[in-house]
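Note that this is a predicted model, so its numbers are computed, not measured. Chain A is the first sequence line, chain B the second, and so forth, proteins listed ahead of strands; every chain is numbered from 1.
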There are 2 protein chains.
Amino acid sequence: MSTSTALADIRLPDDLPPPLPEPAVDELRLEAVMGALADPLRLIIIRKLLLESEAYDHSCGWFGFDRPKSSLTHHFKALREAGLIRQRQYGLERRSRVRLEDLDARFPGLIDLVKAWEPAAPIA
Amino acid sequence: MSTSTALADIRLPDDLPPPLPEPAVDELRLEAVMGALADPLRLIIIRKLLLESEAYDHSCGWFGFDRPKSSLTHHFKALREAGLIRQRQYGLERRSRVRLEDLDARFPGLIDLVKAWEPAAPIA
DNA sequence: ATCATAGTTCGATAAAACTCGTACATATCA
DNA sequence: TGATATGTACGAGTTTTATCGAACTATGAT
């Protein structure tokens with residue numbers, strides 16, 4: 001769980017770009033999270049991040065959705081503002097990851113529901 | 001878990017009024033369930049049924065919401081059509097219960113999320 | 001029969017949310 | 001410097017959802 005010393009709990013900037021604005025853990029609201037997951041495309045996004053991302057964050061394009069860019073921006077923003085994903089700017093790309101620890105802390109079991117979900121129909 | 005004989009597993013009509021139209025277990029959709037739970041009032045309904053109902057089904061009025069009746073009809077219907085509650089007509093009243101077994105079977109862990117939820121503000 | 005009760009249905013309005021085109025901003029690379 | 005790639009911001013059109021009043025239905029009691 002922790003590294004060798006207690007001081008290791010002080011996280012250094014870690015060289016990562018800072019996350020885009022997002023709700024803090026204690027600001028996460030179940031109703032907002034549910035609302036964000038009420039959309040099939042957004043469920044696909046989260047599920048794909050959970051099942052197929054190998055420890056890397058992924059840009060919008062990685063998902064391969066055949067949708068206008070402005071639509072994708074809309075959905076990724078919805079996920080970020082509900083607290084489901086964290087986004088960081090890497091040069092041109094804005095990469096996303098699921099806020100696993102935060103979600104597990106506030107809503108244990110939620111992530112498993114998304115993992116187990118099967119889309120009704122391929123949505124692209 | 002079971003009663004004395006195997007034949008007891010054949011459930012007799014049980015003298016209950018038939019449930020209003022509802023999706024079958026295998027028709028339950030996570031996105032629909034999430035959508036139904038994205039509303040604070042509907043979360044309150046489910047949570048109150050989970051925590052305060054002593055093995056009885058409860059009518060609309062039992063909840064004590066200060067809202068027009070047509071609004072309550074709307075929300076109870078939304079919950080029923082998403083598969084979260086089962087409703088039966090008892091004379092004048094239409095009593096509701098959470099579809100616990102069905103939800104546990106399809107979305108294990110979901111109910112616990114609602115149980116643990118705390119409303120941001122009293123909604124009435 | 002009359003009356004009150006519990007809830008529905010309909011219709012209108014208003015507020016959100018989704019979808020997408022266009023224009024824009026910025027980083028990377030030749 | 002200019003071209004390209006990733007993604008945002010804004011705005012319009014469309015759809016969905018919420019809210020609520022008013023009229024209605026059906027049950028149960030007096």
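For the pair Ser71(A) and Tyr90(A), nearest-nucleotide mapping onto DNA chain C gives the more 5' position to Ser71(A).
For the OP1/OP2 pair of dA18(D) and a distance below 4.0 Å, the side-chain nitrogens and oxygens of Arg67(B) include no atom meeting the criterion.
Atom CG of Asp39(B) is separated from atom P of dT16(D) by 18 Å (rounded to the nearest Å). If you measure from atom CD of Glu31(A) to atom P of dA18(D), you get 14 Å, rounded to the nearest angstrom. In this structure, Asp66(B) atom CG and dG21(D) atom C1' are separated by 15 Å, rounded to whole Å.
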Under 4.0 Å protein heavy-atom contact, by nucleotide of nucleotides 2-15 of chain D - B base, S sugar-phosphate only: ---BBBBB------
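On the nucleic acid side, DNA chain C contacts chain B at distances under 4.0 Å to non-hydrogen atoms, with the end points of that region at dT5(C) to dT9(C).
Remark: side-chain polar atoms of Arg88(B) are paired, donor with acceptor, to backbone N or O of Pro17(B) under 3.5 angstrom. Without hydrogens or angle criteria, Arg80(A) side chain to Pro21(A) main chain gives a donor-acceptor distance under 3.5 Å. Although no hydrogens or angles enter the test, the distance criterion places no donor-acceptor pair under 3.5 Å between the side chain of Glu22(A) and the main chain of Ala24(A).
Listed by chain and residue number, Arg95(B) satisfy the side chain to side chain donor-acceptor pair (under 3.5 Å) test with Glu93(B) (two or more places apart in sequence, or in another chain). Considering only residues two or more places apart in sequence or on other chains, Glu31(A) meets the side chain to side chain donor-acceptor pair (under 3.5 Å) condition with Arg29(A), Trp117(B). Remark: Arg106(A) engages no residue in a side chain to side chain donor-acceptor pair (under 3.5 Å) (not counting sequence neighbours).
For the salt bridge (charged side-chain N to carboxylate O under 4.0 Å, His left out) condition, the pairs that include at least one residue of residues 32-50 of chain A, sequence neighbours left out, are Arg47(A)-Glu118(A), Lys48(A)-Glu52(A).
Minimum heavy-atom separation, Ala36(B) to Ala82(B): CB-CB, 3.6 Å.
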